[in-house]
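Only this structure's heavy atoms are used, side chains among them; waters, hydrogens and symmetry mates stay out.
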Amino acid sequence: MSSPPIWLRAEPSRPRRKQPLTLERIVDTAVTVLDEHSVDGLTMRSLAQHLDVTATALYWHVRTKDDVLDLAVDRIFGDVPIPDVSDNWLEDIRVLVRGWRAAMVGHPWAPRLIGRPMLGPNVLARTEFLQSALVRGGCSGLQLAVATRMLANYVIGAALTEATWHQTANPDARAAARAHVAANADAYPTLHASGHLDGAQWDDDLLFEEGLNGILRTATLE
C-alpha cells in the first residue's frame, strides 16, 4: 500500500531545541524574576529553573548572585532615555532624571540596590550625560560633584519611598498611615497640619517635580 501524499501526512515530531544560554538571556530573565519576587526571591537555582538550565550552566556566564544583580540594575538603566542635547541644559537634566525615576519605580526592587558599585555601561552613560549637562550650566569642581550627588541621591530616595509603598501588600497602607497620624494629632501636630502622608493632597508626581526644582535651584544656583 502506497503512502499518502506528503500534504496529508502529519508533520513528524521533533525535539524542541533549547534557546542558547547567553548573558543577555540570563539578565533579561533575572529582571523578570526580580519584578515578580524581588531580591529575596532571586536565587541562582530559581534563575536556572526559569531558564530551563542547570545552575551549573549559569556559572559559565556569571560567578555569583551579586553579579546578576549588578547586571540587572544596569539593564534597567538602559531603559532610561538619554535625551538629545538641547539649548536648555536644565530641561535636559529634568528629562533624564524623570526617566531615571520611572525606571526605578517600574522595578521596585532596584532602588535598594543602588548602593552597589554603579559601573555598568548604561549607568555610566547616563551619569556622563547628567554631568555634561551640569557642566553646560556652569558647574565645575566641587560644585559639579555636589550637584551630581544631590540629584542622584534625590531620585534614588524618591524612588525608594515610592517603591516601598507600591510593594506594600495592603493597597490602603498609606491611608492607614495617614489615619494613624491624624489619630495622634496631639503628638504630631505639624505632621497632621501639613498633610504628611496624604497622597490625595499632593501626588507623587507633583512632589517629585517640586523637589527636583528645589534641588536644581540649590545645586546649580539657578
Side-chain angles (χ1 to χ4, degrees), residues 15-83 93 95-133 145 148-171 173-174 204-205 208 212:
R16 182 175 62 89
R17 290 184 179 179
K18 290 184 178 181
Q19 287 183 274
L21 185 62
T22 63
L23 187 59
E24 183 178 6
R25 273 193 68 212
I26 291 171
V27 176
D28 286 346
T29 302
V31 170
T32 299
V33 175
L34 287 163
D35 286 345
E36 293 177 355
H37 304 291
S38 197
V39 176
D40 295 336
L42 176 71
T43 65
M44 297 298 274
R45 182 183 297 275
S46 67
L47 181 57
Q49 289 174 344
H50 278 80
L51 287 161
D52 193 23
V53 299
T54 64
T56 304
L58 294 177
Y59 293 108
W60 287 98
H61 300 272
V62 290
R63 292 183 179 180
T64 64
K65 175 180 172 178
D66 285 345
D67 288 349
V68 176
L69 294 176
D70 289 340
L71 290 164
V73 170
D74 195 65
R75 166 64 181 79
I76 67 169
F77 263 81
D79 295 335
V80 179
I82 297 180
I93 290 175
V95 172
L96 180 76
V97 170
R98 287 169 189 151
W100 184 356
R101 172 203 174 211
M104 296 290 99
V105 173
H107 302 279
W109 49 270
R112 61 186 279 198
L113 297 178
I114 301 299
R116 301 177 58 77
M118 303 285 285
L119 299 175
N122 291 323
V123 171
L124 291 180
R126 283 144 186 84
T127 306
E128 169 68 23
F129 182 89
L130 174 62
Q131 282 212 343
S132 69
T148 302
R149 177 168 293 191
M150 288 176 71
L151 287 163
N153 288 349
Y154 174 66
V155 69
I156 293 167
L160 180 59
T161 299
E162 293 180 52
T164 299
W165 288 116
H166 293 172
Q167 285 186 303
T168 302
N170 180 4
R174 184 175 290 192
D204 289 333
D205 291 341
F208 182 82
L212 177 58

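- Taking CZ from R75 and CG from D70, the interatomic distance works out to 15.5 Å, rounded to the nearest 0.5 Å.
- Remark: the backbone N or O of V123 is paired with a side-chain donor or acceptor of D74 at under 3.5 angstrom.
- Residues V73 and W109 meet the side-chain proximity criterion, which asks for heavy atoms closer than 4.5 Å.
- Of all heavy-atom pairs between P81 and G99, the closest is CD-CA, 4.4 Å.
- A distance of 9.0 Å separates CG of L71 from CD1 of I26, quoted to the nearest 0.5 Å.
- Shown here for L96 and P83, the closest heavy-atom pair between the two residues is N-CG, 4.0 Å.
- No more than 12 heavy atoms of other residues, nucleotides or ligands lie within 6.0 Å of CD in E24, so this atom counts as exposed by the packing criterion.
- Once rounded to the nearest 0.5 Å, the distance linking CG of D67 with NE2 of H61 reads 13.0 Å.
- When every heavy atom of L58 is checked against every heavy atom of M44, the shortest pair comes out as CD1-O, 3.3 Å.
- Using a 4.5 Å heavy-atom threshold, the side chains of V39 and R112 count as touching.
- To the nearest 0.5 angstrom, L51 atom CG is 4.0 Å from T29 atom OG1.
- Distance check: K65 NZ to L42 CG gives 5.0 Å after rounding to the nearest 0.5 Å.
- Considering every non-hydrogen atom in both A158 and F208, the closest pair reads CB-CD1, 3.7 Å.
- Annotation: cation-pi geometry not satisfied between R126 and F77 (NZ/CZ under 6.0 angstrom from ring centroid, within 45° of ring axis).
- D204 has its side chain within reach of R101: a pair of non-hydrogen atoms, C-beta onward, lies under 4.5 Å apart.
- If you take OG1 on T161 and CD1 on I156, they are separated by 12.0 Å, rounding to the nearest 0.5 Å.
- Of all heavy-atom pairs spanning Y59 and A55, the tightest one is CD1-O, 3.1 Å.
- Side-chain contact between H37 and S46 is absent, with no heavy-atom pair separated by less than 4.5 Å.
- Using modelled atom types, one side-chain atom of R25 and one backbone atom of P20 make a donor-acceptor pair closer than 3.5 Å.
- V97 and V155 get closest at one heavy-atom pair: O-CG2, 3.8 Å.
- M104 has its side chain within reach of I76: a pair of non-hydrogen atoms, C-beta onward, lies under 4.5 Å apart.
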